[in-house]
Amino acid sequence: MIEQVKGTQNISGNESLKYLYIQKLFLNRFKNYGYEYLQTPLLESKELFDKSIGESSEIVTKQMYELTDKGGRDLVLRPEGTSSIVRYHAEFNKDMTSKYSYFGSMFRYENPQKNRYREFNQAGVEIVGVIDNYSDFQIINDSLNFIKELIPETKLKINTIGSIADRKKYIKVLYNYFLNNKDQLSKESEEKLENNTLRILDSNNPDDEQVIKKAPKINEFINTDSKNSFTSLLQILGSSNIEFEIDESLVRGLDYYNDLTFEFITSENVVVGGGGRYDNLAEILSLGKFNGVGVAFGVERIMNNISVPDNFTKYYLLGTDINKITKYSKELDKHNISYSKPPRLSKENSQFKEAKNQNVLYLINTNEDTIKNLITNEVEKFSIEVILEHK
RNA sequence: GUGAUCGUAGCUCAGUUCGGUUAGAGCGCCUGGUUGUGGUCCAGGAGGUCGCGGGUUCGAAUCCCGUCGGUCACCCCA
């Protein structure tokens, strides 16, 4: 037996029902909100993510699926969606402000566990171009509406991390602080000191508690424009009755974020989605000067937190005589009626069983020329008019 | 990258401790019959490189080593 690749999934059975339900809701909802669906390649230049996500990030240093193609190109399977959207926007819509949605596979080379896979699906939306607080508001509002329809008790956590320049200054100060107090840091945190200083702040190791408590706060380094913009966004959210919780330790895993960051978190503390503002991403990629804000949901994380949606089939075509059942098939096709049918002409009892297992409402028995309602057990003579009346 | 744990039929699992005929069960599947309150019931049947590779042994699902995969946790993250 050839085993499947580690961390990949076969989405089948009830899981596939959930997947399609989420996908359909996502695509419909954001289409109606005015977001254009955009499908970018799964295969991208390595350079795109080296630059965008940031070379200090683990995603870039350890977690990318890299390959060289036969033409010698350095490629990766995309680890996230935003960078590609920004590349597209620069190429085709540079002077516009556009709203995009995307849905598809992402790849990260990590050890799989619950809510984490090597190939996983993200559903995301972005607003790219000239951005203001209303853009931030609608990304948060629209995606909160979406996720609450699926997981009603989802909470919004929000923070500002200041500009990239602010952050650079802050990291320097923080680095010196932790360096001087190195002896008080846990082993894990000490490892983060050189490359991922900020991450020490969300250590949950009790050994770090005291040092972190006394550490300089990012708040003191955030410029006034950023602070004011954050305050006014919070006011807008407040007056729109959107509940939020400010979480000052909330940082994102990607370096391109600035100012606004937020997360959607379930009552069981699973982060099902996250996003923020990325005003410098286009510049980092040398694609021009435009801004963006966006969010990405983990589809599998949503799947793991919802129940199986209702599922039933309206018609099942039963029969053991190939001439009769094919004649019925064509008759139904002609009237554009969709129906389930057995994969082959197995014994009648098996077909009945299959129909019941598919939660079928009407069973069309071609052996007897009848239509049976499997809920009420009413049987009537088959005619196409009876079925057309069901519509 | 680290650690724990698991891998036997389509599925859930027994058998592994302590090596020994032809590897089992339930469910599911298939066929014939039965059944119209049609998922029942009866009879029969198909289906297994015991994850893979190597080693020990007269003999390995069982012991040893390696490897791949699943699950979970750490790290990190959606």
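Basis for what follows: all heavy atoms, side chains included, without hydrogens, waters or symmetry-related copies. The structure displayed is predicted, hence computed values, not measured ones. Chain letters run A, B, ... following the sequence lines, proteins first and then strands; every chain starts at 1.
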Show the distances under 3.5 angstrom between N or O atoms of the protein and N or O atoms of nucleotides 6-10 of chain B.
residue	atom	partner	partner atom	Å
G7(B)	N2	E3(A)	OE2	3.3

Worksheet item: By side-chain hydrogen bond (donor to acceptor under 3.5 Å, both in side chains), which residues pair with Q184(A), not counting sequence neighbours?
Response: N181(A)
Worksheet, complete the sentence: By side-chain hydrogen bond (donor to acceptor under 3.5 Å, both in side chains), D247(A) pairs with (sequence neighbours left out) S249(A)
Practice prompt. For RNA chain B, determine which residues of residues 350-357 of chain A have any heavy atom closer than 4.0 angstrom to one of its atoms, and list them numerically.
Written response: S350(A), F352(A), K353(A), K356(A), N357(A)
Fill in: E36(A) versus S98(A), side-chain donor and acceptor atoms under 3.5 Å
no
Worksheet item: Quick one: L363(A) CG to G36(B) C1', roughly how many Å, whole number?
Response: 12 Å
Worksheet item: Transitive ILVMFWY cluster of L318(A) at side-chain heavy atoms under 4.5 Å: who else is in it?
Response: Y316(A), F352(A), V360(A), L363(A), L374(A)
Discussion item. Side-chain heavy atoms under 4.5 Å apart, restricted to Ile/Leu/Val/Met/Phe/Trp/Tyr: what other residues fall into the cluster of V5(A), or is it alone?
Written reply: none
Worksheet entry | Qualifying residues under salt bridge (Lys or Arg N to Asp or Glu O under 4.0 Å), relative to E66(A), sequence neighbours excluded | none
Fill in: Pairing residues for K324(A) by the salt bridge (Lys or Arg N to Asp or Glu O under 4.0 Å) criterion, not counting sequence neighbours
D369(A)
Practice prompt. Output all residues satisfying side-chain contact (heavy atoms from CB on, under 4.5 Å) with E149(A), sequence neighbours left out; order by chain, then residue number.
Written response: L25(A), R29(A)
Show me, pair by pair, the donor-acceptor contacts under 3.5 angstrom made by side chains of residues 283-293 of chain A, not counting sequence neighbours?
none

Practice prompt. Could you encode protein contacts along nucleotides 72-78 of chain B as a string, one character per nucleotide from 5' to 3', using B for base contact, S for sugar-phosphate-only contact and - for no contact, with a heavy-atom cut-off of under 4.0 Å?
Written response: BBBBBBB
Worksheet item: Which part of the nucleic acid, if any, lies within contact of G13(A), taking any heavy atom under 4.0 Å across all strands shown: a base, the sugar-phosphate backbone alone, or nothing?
Response: nothing
Worksheet item: Are any of K347(A)'s side-chain N or O atoms less than 4.0 Å away from OP1 or OP2 of C30(B)?
Response: no
Practice prompt. Just grab all the ring-ring contact (aromatic ring centres under 6.0 Å, His included) pairs involving residues 210-255 of chain A, residues at least two apart or on different chains.
Written response: Y170(A)-F221(A)
